[in-house]
Amino acid sequence: MKIDWAALGSVFGVSLSATVALVALFTLGLVGLSKHEAATEQGGTATAARGGAYACFTLCGLAVAYAIYLIVS
(Lines give C-alpha, C1' and ligand atoms only; values in the text may rest on other atoms or scores of the structure.)
Protein backbone atom coordinates (compact mmCIF):
# COMPACT_ATOMS: atom_id res chain seq x y z
CA MET A 1 0.00 0.00 0.00
CA LYS A 2 1.32 3.41 -1.00
CA ILE A 3 0.14 6.60 0.70
CA ASP A 4 -0.07 9.77 -1.37
CA TRP A 5 1.25 12.20 1.24
CA ALA A 6 0.70 15.26 -0.95
CA ALA A 7 -3.01 14.45 -1.35
CA LEU A 8 -3.33 13.72 2.37
CA GLY A 9 -1.68 17.05 3.20
CA SER A 10 -3.95 18.85 0.76
CA VAL A 11 -7.07 17.33 2.31
CA PHE A 12 -5.80 18.21 5.78
CA GLY A 13 -5.11 21.83 4.78
CA VAL A 14 -8.50 22.34 3.14
CA SER A 15 -10.29 20.73 6.08
CA LEU A 16 -8.43 22.87 8.59
CA SER A 17 -9.10 26.05 6.61
CA ALA A 18 -12.80 25.28 6.24
CA THR A 19 -13.13 24.49 9.93
CA VAL A 20 -11.41 27.70 11.02
CA ALA A 21 -13.53 29.75 8.60
CA LEU A 22 -16.77 28.16 9.80
CA VAL A 23 -15.92 28.68 13.46
CA ALA A 24 -14.92 32.30 12.76
CA LEU A 25 -18.21 32.94 10.94
CA PHE A 26 -20.24 31.46 13.79
CA THR A 27 -18.25 33.51 16.31
CA LEU A 28 -18.94 36.69 14.34
CA GLY A 29 -22.63 35.80 14.43
CA LEU A 30 -22.54 35.42 18.20
CA VAL A 31 -20.69 38.71 18.59
CA GLY A 32 -23.28 40.45 16.42
CA LEU A 33 -26.12 39.08 18.54
CA SER A 34 -24.42 40.14 21.76
CA LYS A 35 -23.88 43.66 20.36
CA HIS A 36 -27.56 43.78 19.45
CA GLU A 37 -28.61 42.70 22.94
CA ALA A 38 -26.27 45.21 24.58
CA ALA A 39 -27.64 48.02 22.41
CA THR A 40 -31.28 47.15 23.16
CA GLU A 41 -30.57 47.04 26.90
CA GLN A 42 -29.25 50.60 26.66
CA GLY A 43 -32.30 51.78 24.77
CA GLY A 44 -30.77 51.86 21.30
CA THR A 45 -31.21 49.76 18.22
CA ALA A 46 -28.50 47.81 16.46
CA THR A 47 -30.27 46.41 13.44
CA ALA A 48 -27.02 46.23 11.46
CA ALA A 49 -25.49 43.98 14.13
CA ARG A 50 -28.53 41.71 14.08
CA GLY A 51 -28.58 41.60 10.28
CA GLY A 52 -24.88 40.80 10.16
CA ALA A 53 -25.35 38.06 12.73
CA TYR A 54 -28.18 36.53 10.72
CA ALA A 55 -26.03 36.72 7.58
CA CYS A 56 -23.19 34.89 9.35
CA PHE A 57 -25.54 32.19 10.60
CA THR A 58 -27.03 31.82 7.12
CA LEU A 59 -23.56 31.38 5.61
CA CYS A 60 -22.76 28.78 8.27
CA GLY A 61 -25.94 26.89 7.44
CA LEU A 62 -25.19 27.02 3.72
CA ALA A 63 -21.67 25.73 4.29
CA VAL A 64 -22.97 22.81 6.35
CA ALA A 65 -25.65 22.04 3.77
CA TYR A 66 -23.03 22.09 0.99
CA ALA A 67 -20.77 19.75 2.99
CA ILE A 68 -23.66 17.33 3.50
CA TYR A 69 -24.40 17.54 -0.24
CA LEU A 70 -20.77 16.66 -1.02
CA ILE A 71 -20.85 13.71 1.35
CA VAL A 72 -24.14 12.31 0.06
CA SER A 73 -23.52 12.73 -3.67
Side-chain angles (χ1 to χ4, degrees):
M1 172 158 63
K2 185 175 188 248
I3 298 174
D4 186 3
W5 290 104
L8 185 63
S10 174
V11 168
F12 175 75
V14 169
S15 298
L16 183 65
S17 300
T19 302
V20 168
L22 198 60
V23 169
L25 254 168
F26 192 79
T27 302
L28 284 174
L30 290 178
V31 168
L33 283 181
S34 68
K35 296 285 185 187
H36 174 70
E37 286 183 19
T40 54
E41 286 176 1
Q42 296 174 355
T45 60
T47 56
R50 184 178 57 196
Y54 289 161
C56 287
F57 292 141
T58 301
L59 288 174
C60 284
L62 289 173
V64 169
Y66 181 65
I68 291 172
Y69 168 76
L70 288 177
I71 290 170
V72 171
S73 63

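Annotation for Leu25 and Cys60: closest pair CB-SG, 3.7 Å, computed over non-hydrogen atoms. For the residue pair Ala53 and Gly29, the shortest heavy atom distance occurs at CB-O, 3.3 Å. The two atoms that bring Phe57 and Leu33 nearest to each other are CE1-CD1, 3.4 Å, heavy atoms only. Heavy-atom minimum distance, Ala49 versus His36: CB-N, 4.2 Å.
Taking OG from Ser73 and CD1 from Ile68, the interatomic distance works out to 11.5 Å, rounded to the nearest 0.5 Å. The OG atom of Ser10 sits 14.5 Å away from the CH2 atom of Trp5 when rounded to the nearest 0.5 Å.
Within 6.0 Å of CZ on Phe26 lie no more than 12 heavy atoms contributed by other residues, nucleotides or ligands.
With contacts defined as side-chain heavy-atom distances shorter than 4.5 Å, the pair Tyr66/Leu62 does not qualify.
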